[in-house]
Amino acid sequence: MDVLEFPNSDLILIAALVYVFMAFTIAKIGSDRSCGGKKTLFVSLLFTPLTGLFYTLSFKPKDTLKIVHYRCSSCNLEYTTNHRYCPSCLKDGRKKKLERISMRTY
């Protein structure tokens with residue numbers, strides 16, 4: 001009778017580390033989506049990282065908020081409301097138009 005041989009313990013350790021690394025990588029992707037990183041990590045570790053990837057991709061990306069600011073190119077002051085000219089520069093007698101700046105955040 002042949003005795004069952006177990007794979008090398010180093011190979012098992014490497015495979016386990018790759019599995020956990022892939023699960024954490026998928027969790028990082030999930031943190032940018034509405035499902036969240038912790039749930040994605042749990043699904044990836046419990047099932048497989050491939051299942052975690054499908055789980056993550058089934059959710060939409062997090063909603064982003066668009067913030068608009070207006071900046072003066074002369075004095076570099078920013079305003080949250082639109083003005084025809086920079087109020088600070090108008091006090092000094094200069095007419096400088098404001099530049100519109102858009103930013104996105106979660």
Side-chain angles (χ1 to χ4, degrees):
M1 287 179 102
D2 290 16
V3 178
L4 292 175
E5 291 185 27
F6 289 105
N8 190 354
S9 62
D10 293 337
L11 187 62
I12 293 173
L13 179 64
I14 291 172
L17 288 175
V18 168
Y19 187 89
V20 170
F21 175 76
M22 289 174 56
F24 274 98
T25 303
I26 301 300
K28 176 65 179 140
I29 295 169
S31 66
D32 294 335
R33 297 196 167 252
S34 60
C35 59
K38 290 180 183 177
K39 288 182 184 177
T40 304
L41 179 63
F42 179 74
V43 169
S44 295
L45 288 175
L46 185 63
F47 299 108
T48 63
L50 185 62
T51 305
L53 180 64
F54 289 136
Y55 173 77
T56 301
L57 294 178
S58 68
F59 286 90
K60 65 178 184 163
K62 285 183 180 176
D63 293 331
T64 56
L65 175 66
K66 185 177 179 183
I67 299 173
V68 178
H69 285 236
Y70 302 91
R71 180 183 297 154
C72 176
S73 61
S74 177
C75 63
N76 288 327
L77 290 177
E78 287 189 13
Y79 301 95
T80 56
T81 57
N82 191 10
H83 301 278
R84 185 172 182 143
Y85 299 108
C86 174
S88 178
C89 291
L90 274 177
K91 290 179 184 176
D92 296 337
R94 297 176 287 160
K95 290 186 176 181
K96 296 288 182 176
K97 291 196 175 201
L98 297 176
E99 175 187 353
R100 184 173 192 232
I101 301 169
S102 297
M103 297 176 274
R104 292 190 182 273
T105 185
Y106 292 112

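Position 1 is the first residue of the sequence, and the numbers go up from there.
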Listing, residues 81-91 side-chain donor-acceptor contacts under 3.5 Å, not counting sequence neighbours, or none:
| from | atom 1 | to | atom 2 | distance (Å) |
| --- | --- | --- | --- | --- |
| Thr81 | OG1 | His83 | NE2 | 3.2 |

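- Taking SG of Cys35 as the start and NZ of Lys60 as the end, the distance is 12.0 Å to the nearest 0.5 Å.
- Side-chain contact check for Thr56 versus Ile26: some heavy-atom pair is nearer than 4.5 Å.
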Show the atom names and distances, to 0.1 Å, of all donor-acceptor pairs under 3.5 Å that link a side chain in residues 66-73 to residues at least two apart or in another chain.
| from | atom 1 | to | atom 2 | distance (Å) |
| --- | --- | --- | --- | --- |
| His69 | ND1 | Glu78 | OE1 | 3.2 |
| Arg71 | NE | Glu78 | OE2 | 3.1 |
| Arg71 | NH2 | Glu78 | OE2 | 2.5 |

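- Residues meeting the side chain to side chain donor-acceptor pair (under 3.5 Å) test with Asp92, sequence neighbours left out: Arg94.
- Legend: residues meeting ring-ring contact (aromatic ring centres under 6.0 Å, His included) with Phe54, ordered by chain and number and at least two apart, are absent.
- Annotation for Gly52 and Val43: closest pair CA-CG1, 4.0 Å, computed over non-hydrogen atoms.
- Considering CD1 of Ile29 and OG1 of Thr40, their distance stands at 9.0 Å, rounded to 0.5 Å.
- Remark: Ser31 pairs with no residue by the side chain to side chain donor-acceptor pair (under 3.5 Å) rule, at least two apart or across chains.
- Judged as a salt bridge (charged side-chain N to carboxylate O under 4.0 Å, His left out), and not counting sequence neighbours, Lys95 has no contacts.
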In a table with atom names and distances, give each donor-acceptor pair under 3.5 Å that connects a side chain of residues 15-22 to protein atoms at least two apart or in another chain.
| from | atom 1 | to | atom 2 | distance (Å) |
| --- | --- | --- | --- | --- |
| Tyr19 | OH | Ser44 | O | 3.3 |
| Tyr19 | OH | Leu45 | O | 3.4 |
| Tyr19 | OH | Phe47 | O | 2.5 |

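- Expressed to the nearest 0.5 Å, how far CG of Asp10 lies from CG of Leu13 amounts to 7.0 Å.
- Remark: Thr48 engages Thr51 in a side chain to side chain donor-acceptor pair (under 3.5 Å) (not counting sequence neighbours).
- Under the ring pair (Phe, Tyr, Trp, His ring centres under 6.0 Å) criterion, no residue pair touches residues 25-44, with sequence neighbours excluded.
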